[in-house]
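Working notes for the structure below.
Throughout, residue positions are numbered sequentially from 1 according to the sequence presented.
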Amino acid sequence: MAPRGGDGRSSGAGGRGRKSDAREGRGGVTSWARGRRGAPATRGNRWWRRVLRHARTPTRFLCMHLARKTYGRLVWDAATLRRSTLLAAVYQKRFPAQDLCAAADFPMKYILVTGGVISGIGKGIIASSIGTILKSCGLRVTAIKIDPYINIDAGTFSPYEHGEVFVLNDGGEVDLDLGNYERFLDINLYKDNNITTGKIYQHVINKERHGDYLGKTVQVVPHITDAVQEWVMNQAKVPVDDDRKEPQICVIELGGTIGDIEGMPFIEAFRQFQFKAKRDNFCNIHVSLVPQPNATGEQKTKPTQNSVRALRGLGLSPDLIVCRSAKPIEMAVKEKISMFCHVEPEQVIFIHDVSSTYRVPILLEEQGIIKYFKHRLNLPIDDQPSDLLMKWKKMADRYERLLKVCSIALVGKYTKLSDCYASVFKALEHSALAINHKLDLMYIDSIDLERSTEVENPVKYHQAWQKLCKADGILVPGGFGIRGTEGKLQAISWARTKRKPFLGVCLGMQLAVVEFARNCLNWKDANSTEFDPDTKNPVVIDMPEHNPGDMGGTMRLGKRRTVFKTQNSVLRKLYGDEMFVEERHRHRYEVNPELICCFEEKGLKFVGHDTEGNRMEIIELENHPYFVGVQFHPEFSSRPMKPSPPYLGLLLAATGTLSAYLQRGCKLSPSDSYSDLSDDNSPEKEFPNSGAS
C-alpha cells in the first residue's frame, strides 16, 4: 500500500498510526532515525516512518541503506524520496539490478559444485556456466577450484594426467578448469584460486613449525578443515575484474567425486562452512551422471540416487541436482530423481551433450536457474538475463549454423588426449567463430612425421603427411623434451617452403628458429641446448635464471611485457598497432640473442622482445603469407568474444582473408563484429548508468 500525502500531511490512518509509531520507536527503525541521527519529529519525518512501515520488511532495511548510500544521510523531504528509487520499494516494484548491485552490500554468496558417479563429468563447464549466468545478471563473480591431490600445483604434471597446465597472470600453474572460468567469466584469477591438498597441508605445517598452534595436537579436524574455510573466505574477496571491486558471488568447484578418500577433508570443511556462512549465503549443486545402457536404452537414475545419498551421509544436501546425459532426459526420469533424492522437480536440471559448450549457459537459464538463485540466495537480481546472455545465445546459434570450414593441423606430442591442448583448441575455435568458419582441428602426432615411422609403420606415416598436406594452416604448440621434435621440424619446414600459414607457440617458435638455422643458414647441427647441450650452434639456450635442480615453479612464468621493435609487423597490426603487449609465459629456454643478426640478414625478423631488449619474443618471416612464432602463450588470454590476435591471424591467413582484414584496419565485417564486443561482457558496460561492475 502506497502512502498518501507525500508532502508530510497525514493520511486517514495517520491518527491511528501514532501509537504504532511510538511502539516502533522502541528499538525499531524510527528509534534508529531519531536516536542515531537526532532527527526532529517533523511532518516529513512522520511521512518517512510511514513509508518504512508500509514497505515490506526486507525492503525496509534496503530503503535505509539506499538513503545512506545515495545521500550520505537520511533524507526527510518527500520530494527527494519521490525522485529516488526508494519509492519503488514502497510500491513493491523491483529495483534495477545495477542499482541494487551498486548499493546493496549483501554478504558473500558461496555456490559449491560437487560431482558424483564419475570424474570428468563436466563440473568445470557447469560451474563456469553458472558464473556466467550470474554475471549476466549484474553480479560480480569469482571462482575457486579445489583439487584433492597432494601436489602443490599442476606445474609438474604430465598433460596426460589432468590435461594441460593453465598459466595465470601471476605465474600460477593451475588446473585447466581455471581456464574455463577465465574464458566464460572474462576475469583474471590468481594461483590461490586453485586449492590443492598439498597447499593446505603445507600451509598448516608451516604454521605448526612457526608455533601458531601453541603446542596443540594438529589434526585434520579442526586445523585442516579450518584452513580450507579460511582460504576460501579470504580468496573469495580478491577482485578478479578490471574494475578491482570485491566479488559478490564465489563459485567453488570441488574436484573428484563424492566418496573419494582424498576429498573427505574438503567435504567436512564445507559441511561446517554451510553453518558458518548461513543458509541464505550457501548453496550446493551436485553434478551427476544419468547413464543410458545400449542394451536397454533406458536412462538409469540409481547412480544419481546413490551419489546423493553418499553426499547426504557426509553432511551436505544438494540444492540443485544437475544431471548429465548423452541425450535429453525424459520428464519421468526427472520426477523419479526428484522423488528419491528429496528435492523439488524444479531443483533437477538436465544438461545433455550439446554441439558446443556455449550452449550450456542457455540450457541452464531455460530451466529457471536465475529465478531459483534469486529466491534461494536472496539475490537482488531480475528474473530475466541481460544482453550478455543473449550474446551467448547468439554465439551458440551461430556456431551451429556455420557452413564454411577451415582446417588446422596441430602438430604435437600429446595428441592422444584433447585436453592436453584445451586452451589452444579454444583459442582456435574463438578465432574461427569470429570469422564465420567452422574449425576442423586435425591432431597429428609429430612422431608420425619422422623418417623412423616411415620404416616402422608406413601407413601411419603417410596418413600423417596426408593430413598435414591438406591442412589450410599449421600450428606447432609448446612442449618439453626431445621426443617428436624432428617431426615438428619437418612440419615447420613444410609450412615455410610451401608458404602455408604457420604459427609456432613457445617451443614451436624455438623450433622454427632451429629449422631456419639448419636449412637457410646452413648450420646443420644447429639445435637447442635442451636437446643437445654440446651443440656447436646453440640457437636456443637455457635462461640464466633457470634452476636445473627443482622442477616446480622454476620457469619464466606469468604475464610479461613484449615490446615491438618495428611498426612493420603483421602481429603488431593484429594487436591494434600497440607499442607493446602483455601475455603469459611458461618456458625455460630462449633464442640465443647473440645470433639474432644472422637470422635477420636472411629475412627472419625478430619484431618483438622483452623490456630489456635481450629476450626474443616474436619472429616473422619476410615474403610469407603468415609465418609467425611467439615465445609466450597467447591462448591463455583468448576469450570467446575477444579472440587472441596471433590465432586470429593464423585463421585469417588460412582462409585467405588476412590482407583484407589488415586493409580494413583490423576490423571484421559487420556480420562478424560481435567478437569486438568483448569489453561489453562486463555488467558495467551492459548497464552504462550503473556503478556496479
Side-chain angles (χ1 to χ4, degrees), residues 113-129 159-163 176-177 180 253-260 263 285-312 318 320-343 345-364 366-367 369 396-397 399-402 405 414-422 425-426 429 438-443 445 459-460 463 467:
V113 180
T114 58
V117 185
I118 61 172
S119 60
I121 201 172
K123 296 189 300 296
I125 298 297
I126 299 294
S128 303
S129 300
Y160 285 136
E161 288 288 319
H162 293 273
L176 62 84
D177 277 321
N180 289 325
E253 179 193 349
L254 178 58
T257 57
I258 295 301
D260 293 343
I285 299 176
H286 189 62
V287 184
S288 183
L289 176 68
V290 177
Q292 189 171 4
N294 292 330
T296 61
E298 180 184 2
Q299 293 171 333
K300 298 295 183 178
T301 64
K302 189 63 68 177
T304 298
Q305 296 178 40
N306 292 335
S307 180
V308 172
R309 185 182 300 112
L311 182 63
R312 282 211 172 91
L320 285 176
I321 300 175
V322 178
C323 298
R324 290 281 291 109
S325 62
K327 298 179 181 178
I329 297 179
E330 302 168 357
M331 185 56 63
V333 176
K334 179 175 184 176
E335 293 173 351
K336 187 174 182 180
I337 292 174
S338 168
M339 179 173 61
F340 285 101
C341 294
H342 197 61
V343 293
E346 295 76 18
Q347 294 173 260
V348 181
I349 306 294
F350 294 156
I351 302 294
H352 60 275
D353 292 347
V354 289
S355 58
S356 74
T357 54
Y358 308 124
R359 181 65 63 184
V360 178
I362 311 304
L363 291 177
L364 290 171
E366 288 174 350
Q367 297 181 65
I369 200 169
D397 292 340
Y399 181 90
E400 295 170 357
R401 293 197 303 263
L402 295 175
V405 178
Y414 308 113
T415 56
K416 296 178 182 178
L417 181 65
S418 60
D419 276 352
C420 296
Y421 299 108
F425 170 73
K426 289 298 180 183
E429 189 178 60
K438 189 172 184 179
L439 176 66
D440 177 20
L441 184 59
M442 299 181 292
Y443 292 95
D445 193 329
V459 174
K460 184 180 289 187
Q463 287 177 343
K467 283 184 181 180

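Scored by the ring pair (Phe, Tyr, Trp, His ring centres under 6.0 Å) test, Phe425 finds no partners at all (sequence neighbours excluded). When the side chain to side chain contact (heavy atoms under 4.5 Å, CB included) test is applied to Tyr160, the partners found at least two apart in sequence or on another chain are Ser158, Tyr414, Lys416, Leu417, Cys420. Under the side chain to side chain contact (heavy atoms under 4.5 Å, CB included) criterion, Pro291 pairs with Leu289, Lys300, Pro303, sequence neighbours left out. Considering only residues two or more places apart in sequence or on other chains, Asp419 meets the side-chain hydrogen bond (donor to acceptor under 3.5 Å, both in side chains) condition with none of them. Residues meeting the side chain to side chain contact (heavy atoms under 4.5 Å, CB included) test with Val354, sequence neighbours left out: His352, Arg359, Val360, Leu363. Here Gln305 pairs with Thr301 under the side-chain hydrogen bond (donor to acceptor under 3.5 Å, both in side chains) rule; sequence neighbours left out. Every residue meeting the side chain to side chain contact (heavy atoms under 4.5 Å, CB included) condition with Lys467, not counting sequence neighbours, appears here in chain and number order: Met442, Ile444. For the side-chain hydrogen bond (donor to acceptor under 3.5 Å, both in side chains) test, residues two or more places apart in sequence or in another chain that qualify with Thr304 are Ser288. Lys336 meets the salt bridge (Lys or Arg N to Asp or Glu O under 4.0 Å) test with no other residue; sequence neighbours excluded. In this structure, the side-chain hydrogen bond (donor to acceptor under 3.5 Å, both in side chains) partners of Tyr358, at least two apart in sequence or on a different chain, are Glu429.
Nearest heavy-atom pair, Val308 versus Ile321, reported as atom, atom and distance to 0.1 Å: CG2-CD1, 3.9 Å. Thr257 approaches Val117 most closely through the heavy-atom pair CG2-C, 4.4 Å. Considering all non-hydrogen atoms of both residues, Val348 and Cys323 come closest at CG1-SG, 4.0 Å. The two residues Ile121 and Ile118 have their closest heavy-atom pair at CB-O, 3.9 Å. For the residue pair Pro318 and His286, the shortest heavy atom distance occurs at CB-CB, 3.8 Å. Closest non-hydrogen pair, Gly124 versus Asp177, comes out as CA-OD1, 3.5 Å.
A distance of 3.5 Å separates OG1 in Thr357 from NZ in Lys426, rounded to the nearest 0.5 Å. For the atom pair CD of Glu346 and CG of Leu320, the computed distance is 11.0 Å after rounding to the nearest 0.5 Å. Taking CD1 of Ile258 as the reference point, atom OG1 of Thr114 lies at 4.5 Å (rounded to 0.5 Å). Rounded to the nearest 0.5 angstrom, Leu311 CG and Arg309 CZ are separated by 12.0 Å. Residue Leu254 holds its CG atom at 13.5 Å from CD1 of Ile285, rounded to the nearest 0.5 Å.
Annotation: side chain to side chain donor-acceptor pair (under 3.5 Å) contacts involving residues 320-335, sequence neighbours excluded, comprise Arg324-Asp353. Applying the salt bridge (Lys or Arg N to Asp or Glu O under 4.0 Å) test to residues at least two apart or on different chains, none of the pairs has a partner in residues 117-129.
Side-chain atoms of Glu253 do not come within 3.5 Å of backbone N or O of Ser128 as any donor-acceptor pair. Using modelled atom types, one side-chain atom of Gln292 and one backbone atom of Gly297 make a donor-acceptor pair closer than 3.5 Å.
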- Message: Apply side chain to side chain contact (heavy atoms under 4.5 Å, CB included) to residues Val290 and Ile337 and explain how you reach the verdict.
- Response: CA-CA 10 Å; Val290 177; Ile337 292 174; 4.2 Å; yes
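Proximity of Gln367 to Ile351: side-chain heavy atoms (C-beta onward) are separated by under 4.5 Å at one or more points.
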